[in-house]
Amino acid sequence: METQKRKQNEKEKAERRMKIVAGLGSVDEYIPYVQAGADELFCGYVPYNWTKNTELYFH
């Protein structure tokens with residue numbers, strides 16, 4: 001009974017802990033971020049055609 005309660009407490013604690021989400025600038029950052037404790041990783045893609053348009057500005 002005590003073991004079940006302890007497992008339940010650990011599960012609840014894990015659910016409440018802060019999640020670390022990190023944006024990748026390159027694939028080389030993957031391993032260091034995971035080693036640092038990142039729970040989720042994301043990346044984006046900007047097509048070349050968007051960057052060559054001089055009227056497009058990111059603010």
Side-chain angles (χ1 to χ4, degrees):
M1 187 63 131
E2 186 64 32
T3 304
Q4 278 184 324
K5 190 172 183 177
R6 187 177 313 126
K7 284 182 182 180
Q8 182 65 30
N9 286 342
E10 289 174 6
K11 182 181 176 185
E12 290 173 2
K13 206 183 291 186
E15 290 172 353
R16 288 191 309 257
R17 75 180 181 90
M18 183 186 314
K19 303 287 189 221
I20 300 172
V21 179
L24 294 175
S26 76
V27 72
D28 297 328
E29 295 173 346
Y30 174 77
I31 292 174
Y33 280 15
V34 171
Q35 289 174 338
D39 295 298
E40 296 180 28
L41 301 169
F42 65 91
C43 62
Y45 170 75
V46 178
Y48 174 74
N49 291 340
W50 291 9
T51 62
K52 72 178 186 177
N53 181 354
T54 58
E55 294 178 16
L56 179 64
Y57 296 97
F58 293 99
H59 297 283

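Just so you know, these numbers come straight off a predicted model, no measurement behind them. Heads up: numbering here begins at 1 and tracks the sequence.
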Colleague: If you compare all heavy atoms of Tyr33 against all heavy atoms of Gly23, which two are closest, and at what distance to 0.1 Å?
Modeller: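 Nearest heavy atoms, Tyr33 then Gly23: CE2-O, 3.5 Å.
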Colleague: Are there more than 12 heavy atoms of other residues, nucleotides or ligands under 6.0 Å from atom NZ of Lys11?
Modeller: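 It does not: Lys11 NZ has 12 such atoms or fewer within range.
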Colleague: Name the atoms and distances for all side-chain donor-acceptor pairs under 3.5 Å in residues 34-44, with sequence neighbours left out.
Modeller:
residue, atom, partner, partner atom, Å
Asp39, OD1, Arg17, NH2, 2.9
Asp39, OD2, Ile20, N, 2.9

Colleague: Val27: which other cluster members, linking ILVMFWY side chains closer than 4.5 Å, directly or transitively?
Modeller: none
Colleague: Can you name the side chain to side chain contact (heavy atoms under 4.5 Å, CB included) partners of Asn9, sequence neighbours left out?
Modeller: Lys5, Glu12
